[in-house]
Student: 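Sharing a structure here in structure tokens format.
Numbering of ligands and ligand atoms starts at 1, following listing order.
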Amino acid sequence: MAHVGLVGIGVMGREFALNLAENGHTVSLLDRDIEKSREVVTAGSALDGELIACADESTFVNGMAAPRSILALVPSGGPLDAVIESLTPLLDEGDLIADLGNSYYKETERRVLACEAAGLQFLGMGISGGAEGARHGPSIMAGGSPDSWARIKGPLRDAAAKFEGEPCCDWFGPGGAGHFIKMLHNGIEYADMQMIAEAYGIMRDGWGMDAPAIGDVFASWMEGPLNSYLVEIAAEVARASDPETNKPMLDMILDRAGQKGTGRWSVIEALHLGAPASMMQAAVEARNISADLEGRRDSALLFGAAPEGKFVAQGKDQDSGQEAGLRQLESAMIAAKVCAYTQGFEVLRRASEAFDWSLDLAAIARVWRAGCIIRSVLLDDISDAFEEDATRKLSHAPKFTDLLRNNVDGLKTVVAQSVGGGLETPALYAALSYHNASRTQHSTANMIQGLRDRFGAHRFERVDAHGELVNGPWHER
Ligand SMILES: NC(=O)C1=CN([C@@H]2O[C@H](COP(=O)(O)OP(=O)(O)OC[C@H]3O[C@@H](n4cnc5c(N)ncnc54)[C@H](OP(=O)(O)O)[C@@H]3O)[C@@H](O)[C@H]2O)C=CC1
Ligand SMILES: O=C(CO)[C@H](O)[C@H](O)COP(=O)(O)O
């Protein structure tokens, strides 16, 4: 009899089922289309564990030993609720449903309460790594009751990616904590991908490089602090050719980005929490604008198309002989990456405080070191930095202060040249702006406060009397 059930044999469910079987687990499979389950059973027939295709909900439930643990890998929202609704009447007290989809964390909290009221347990977990990760080791971020986690963690830790032997799979807090962390993982993923797209744009439109040459640059970045899964696959995507036309594949992909919601949710939640997340916001807005193909075409006709020609002559760096522009671009990406991670972890810190989750930032960085889409060589250093002092902002940890200090000039140059040439680099610009704003000792918020008091008598603090709220002289008339 199976101890684990898996509902939703789509892109992720298929691969995760094979992964569990490879790790010796017996898994019951359920999908609306039984052929999908049968195909996985055939694909996994040589693996150590057993996969069982079930025709309907009752065969699925009755074929599992109690207490049952059911993993759901179906689209979040309505489809997940439909799955829960169909299984609930068939389950016994204490059975567990774990949602591994990209669910909104407040929905997860609602589901935890609804399932508990029905005598069931519910866990919300984020899983990252795409289909490849699901098959060979994803990163898993769980939330919900620690007792429920204790019941299911064995198979999940077996299936998870390993970093130096340690499973990238952990429980982080109650209720929606796991899904909040996965949402923020995706927010950072959006910022990372937008920076990569901007670097590609600078090389393509600013410097006139072709896609395979750009791929070579991305590949060269794998030698330094930018070593990451996304940079690795950016090199692969840029170097690939279209089998139909033999042109670079990238040149044949329509520049209209899709999105399913986790990036947007990250920005909205960061705004609610008052935590700066300007790089994620830039990334979401860039996708939004990219979607308006017709609007962009009409504006280009009215105002002229951006960017306005090539804008940087690549000279050789006298000392290193390397292209100076490329060196600055790599620097810009390193500095911006420190800012993106800093913002991401600060959003998590705020959420932890606001929701009383006691999130362990070092442990979050640890589960992101392997298996997930944002895995990068920097994450091990990030976990060390928070291990050393979790109260400190990431950019204030010595390793990251140095990285930012040593690379910010490249960011300034790249942003200035891009803006001057009409080439959009919103995430890189947001990084620079965040860095500058964060170190401004005498900001212009005194003007904001003066205006608020002038029109709305909102009062302000004086520089010589902190904590005391007063009105300005404009109210004395
Ligand atoms: N793809 C990815 O890279 C990642 C996806 N995720 C998340 O994992 C979850 C699954 O994603 P993915 O595998 O890509 O999605 P797919 O669309 O490939 O698969 C979804 C599965 O859910 C089933 N399903 C859909 N609606 C219902 C319903 N109303 N009742 C029962 N089953 C239903 C589908 O069954 P059928 O069509 O046969 O009826 C299908 O097998 C999502 O929440 C996604 O956000 C998380 C990380 C990465
Ligand atoms: O969770 C994921 C990766 O971590 C999924 O691939 C998700 O679909 C990515 O988000 P979007 O589709 O909005 O780009």
Side-chain angles (χ1 to χ4, degrees), residues 5-19 29-40 53-57 60 70-88 97-105 107-108 111 124-142 160-161 168 178-194 196-197 228-230 233 256-268 280 283-288 290-291 344 367-368 371-376:
L6 203 157
V7 190
I9 313 302
V11 171
M12 295 294 282
R14 177 188 192 280
E15 305 303 327
F16 201 55
L18 293 170
N19 183 344
L29 308 175
L30 180 67
D31 196 274
R32 291 185 301 192
D33 176 3
I34 194 179
E35 285 314 316
K36 285 190 181 175
S37 303
R38 288 195 178 123
E39 189 277 326
V40 190
C54 303
D56 53 42
E57 281 80 359
F60 176 70
I70 296 169
L71 308 173
L73 264 162
V74 298
S76 58
L80 175 65
D81 283 327
V83 166
I84 297 172
E85 205 176 309
S86 66
L87 291 174
T88 300
I97 299 175
D99 165 27
L100 281 94
N102 276 329
S103 295
Y104 180 51
Y105 78 104
E107 292 273 284
T108 302
R111 291 184 185 114
M125 302 183 194
I127 179 170
S128 177
E132 209 179 296
R135 176 66 183 88
H136 300 291
S139 165
I140 299 174
M141 300 136 251
C168 291
H179 274 139
F180 192 97
I181 292 166
K182 174 65 201 312
M183 176 188 76
L184 242 291
H185 163 284
N186 283 21
I188 296 172
E189 174 183 302
Y190 268 57
D192 245 357
M193 288 167 70
Q194 179 61 25
I196 290 171
S228 60
Y229 173 68
L230 283 169
I233 61 170
R256 176 160 60 191
Q259 54 180 314
K260 295 210 179 89
T262 46
R264 187 168 52 233
W265 298 341
S266 296
V267 174
I268 292 169
M280 297 175 205
V284 172
E285 289 185 354
R287 290 198 197 189
N288 292 345
S290 84
V367 301
W368 288 349
C372 70
I373 302 293
I374 64 167
R375 63 185 182 263
S376 102

Student: So do the side chains of Phe180 and Met141 get within less than 4.5 Å of each other, counting heavy atoms only?
Tutor: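 Phe180 does not reach Met141 side chain to side chain.
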
Student: Name the closest protein heavy atom to atom 8 (O) of ligand 2, giving the residue it belongs to and the distance to 0.1 Å.
Tutor: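 Answer for atom 8 (O) of ligand 2: Lys260 NZ, 3.8 Å.
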
Student: Please check atom 12 (O) of ligand 2 for a protein heavy-atom neighbour under 4.0 Å.
Tutor: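 Protein heavy atom within 4.0 Å of atom 12 (O) of ligand 2: present.
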
Student: Does the protein place any heavy atom closer than 4.0 Å to atom 26 (N) of ligand 1?
Tutor: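 It does: a protein heavy atom is found less than 4.0 Å away from atom 26 (N) of ligand 1.
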
Student: Compare Asp31, Asp33, Ile34 and give the one whose heavy atom is closest to atom 38 (O) of ligand 1.
Tutor: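 Looking at heavy atoms only, the winner is Asp31.
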
Student: So does Arg135 pair up with Glu132, basic N to acidic O under 4.0 Å?
Tutor: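 Result for this pair is no, no salt bridge flagged.
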
Student: Against ligand 2, does Lys182 come closer than 4.0 Å with any heavy atom?
Tutor: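 In this structure, Lys182 qualifies as a contact of ligand 2 - some heavy atom is under 4.0 Å.
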
Student: Nearest heavy atom to atom 10 (C) of ligand 1: which of Leu73, Asn102, Asn186 does it belong to?
Tutor: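 Selected option, by shortest heavy-atom distance: Leu73.
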
Student: Ring-plane angle category for Tyr104 and Trp265, please: parallel below 30°, perpendicular beyond 60°, tilted otherwise.
Tutor: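 Tyr104 vs Trp265 ring planes: tilted.
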
Student: Just to check, does Lys260 reach to within less than 4.0 Å of ligand 1 when the distance is taken from its heavy atoms?
Tutor: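 No, Lys260 has no heavy atoms under 4.0 Å from ligand 1.
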
Student: Pull out every atom of ligand 1 sitting under 4.0 Å from any heavy atom of Lys36, numbered as shown with elements.
Tutor: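 Checking each atom against Lys36, I get 35 (O), 36 (P), 37 (O), 38 (O), 40 (C), 41 (O).
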
Student: Using a strict 4.0 Å cut-off to heavy atoms of Gln259, name the atoms of ligand 2 that fall inside it.
Tutor: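 Numbered from 1, ligand 2 contributes 13 (O).
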
Student: Which value, rounded to the nearest 0.5 Å, describes the distance between Asn186 atom CG and Asp192 atom CG?
Tutor: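 So the CG of Asn186 and the CG of Asp192 are separated by 11.5 Å.
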
Student: To the nearest 0.5 Å, tell me how far Met193 CE sits from Ile233 CD1.
Tutor: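 Separation between the atoms: 7.5 Å.
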
Student: Within a distance under 4.0 Å of any heavy atom of Lys182, pick out the atoms of ligand 1 and give their elements.
Tutor: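 Counting from 1, the qualifying ligand atoms are 47 (C).
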
Student: What atoms of ligand 1 come closer than 4.0 angstrom to any heavy atom of Ile127?
Tutor: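 Answer, ordered by atom number: 46 (C), 47 (C).
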
Student: Taking only heavy atoms of Ser128 into account, list the atoms of ligand 2 that are under 4.0 Å away from them.
Tutor: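 Matching atoms, with element in brackets: 4 (O).
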
Student: Which option out of Glu57, Met12, Arg32 puts a heavy atom nearest to atom 28 (C) of ligand 1?
Tutor: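 Shortest heavy-atom distance from atom 28 (C) of ligand 1: Arg32.
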
Student: Does ligand 1 have an atom under 4.0 Å from some heavy atom of Ser128?
Tutor: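 The answer is no: ligand 1 sits nowhere under 4.0 Å from a heavy atom of Ser128.
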
Student: Quick one: does Arg111's side chain get under 4.5 Å of Leu80's, heavy atoms only?
Tutor: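 Yes; the side chains approach each other to less than 4.5 Å.
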
Student: Using a 4.0 Å cut-off to any heavy atom of Ile373, which atoms of ligand 2 qualify?
Tutor: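 The atoms of ligand 2 under 4.0 Å from a heavy atom of Ile373 are 3 (C), 4 (O).
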
Student: To which of Arg264, His185, Met12, Glu189 does the heavy atom nearest atom 3 (C) of ligand 2 belong?
Tutor: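 Closest candidate by heavy-atom distance is Glu189.
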
Student: To check your reading of the model: name the closest protein heavy atom to atom 20 (C) of ligand 1, its residue, and the distance in Å.
Tutor: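 Answer for atom 20 (C) of ligand 1: Pro75 CD, 3.6 Å.
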
Student: Taking only heavy atoms of Asn102 into account, list the atoms of ligand 2 that are under 4.0 Å away from them.
Tutor: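 It comes down to these atoms of ligand 2: 1 (O), 2 (C), 5 (C), 7 (C).
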
Student: Considering both backbone and side-chain atoms of Gly101, is one of its nitrogen or oxygen atoms within less than 3.5 Å of a nitrogen or oxygen in ligand 1?
Tutor: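 There is no such contact.
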
Student: May I ask you to decide if Ala257's main-chain N or O and Ser290's side chain share a donor-acceptor pair within less than 3.5 Å?
Tutor: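 At least one qualifying donor-acceptor pair exists.
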
Student: Using a 4.0 Å cut-off to any heavy atom of Ile9, which atoms of ligand 1 qualify?
Tutor: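 Once the distances to Ile9 are compared, the set is 41 (O).
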
Student: Using a strict cut-off of 4.0 Å, indicate which atoms of ligand 1 neighbour a heavy atom of Val83.
Tutor: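 Counting from 1, the qualifying ligand atoms are 30 (N), 31 (C).
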
Student: With heavy atoms of Gly130 as the reference, note each atom of ligand 1 found under 4.0 Å away.
Tutor: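 What qualifies from ligand 1 is 3 (O).
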
Student: Is any side-chain heavy atom of Arg38 less than 4.5 Å from a side-chain heavy atom of Ile34?
Tutor: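 In contact.
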
Student: Give yes if a backbone or side-chain nitrogen or oxygen of Gly8 is under 3.5 Å from a nitrogen or oxygen of ligand 1, and no if not.
Tutor: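 No, Gly8 has no N/O under 3.5 Å of an N/O on ligand 1.
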
Student: For residues Thr262 and Lys182, determine if any side-chain heavy atom of one lies less than 4.5 Å from a side-chain heavy atom of the other.
Tutor: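 With C-beta onward as the side chain, the pair stays apart.
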
Student: Quick check on contacts: which atoms of ligand 2 are under 4.0 angstrom from a heavy atom of Arg287?
Tutor: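 With Arg287 as reference, the close atoms of ligand 2 come out as 11 (P), 13 (O), 14 (O).
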
Student: Hey, what do you get for CE (Met12) to CG (Leu71), rounding to the nearest 0.5 Å?
Tutor: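 The CG atom of Leu71 is 12.0 Å from CE of Met12, to the nearest 0.5 Å.
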
Student: Among Val74, Leu100, Val7, which residue places a heavy atom closest to atom 9 (C) of ligand 1?
Tutor: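 Of the listed residues, Val74 has the closest heavy atom.
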
Student: Any idea which atoms of ligand 1 are less than 4.0 Å away from a heavy-atom of Ser76?
Tutor: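 Close to Ser76: 43 (O).
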
Student: For the pair Asn19 (side chain) and Ala134 (backbone), establish whether a donor and an acceptor sit closer than 3.5 Å, ignoring hydrogens and angles.
Tutor: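 Present.
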
Student: Can you find a protein heavy atom under 4.0 Å from atom 15 (O) of ligand 1?
Tutor: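 Within 4.0 Å of atom 15 (O) of ligand 1, no protein heavy atoms are found.
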
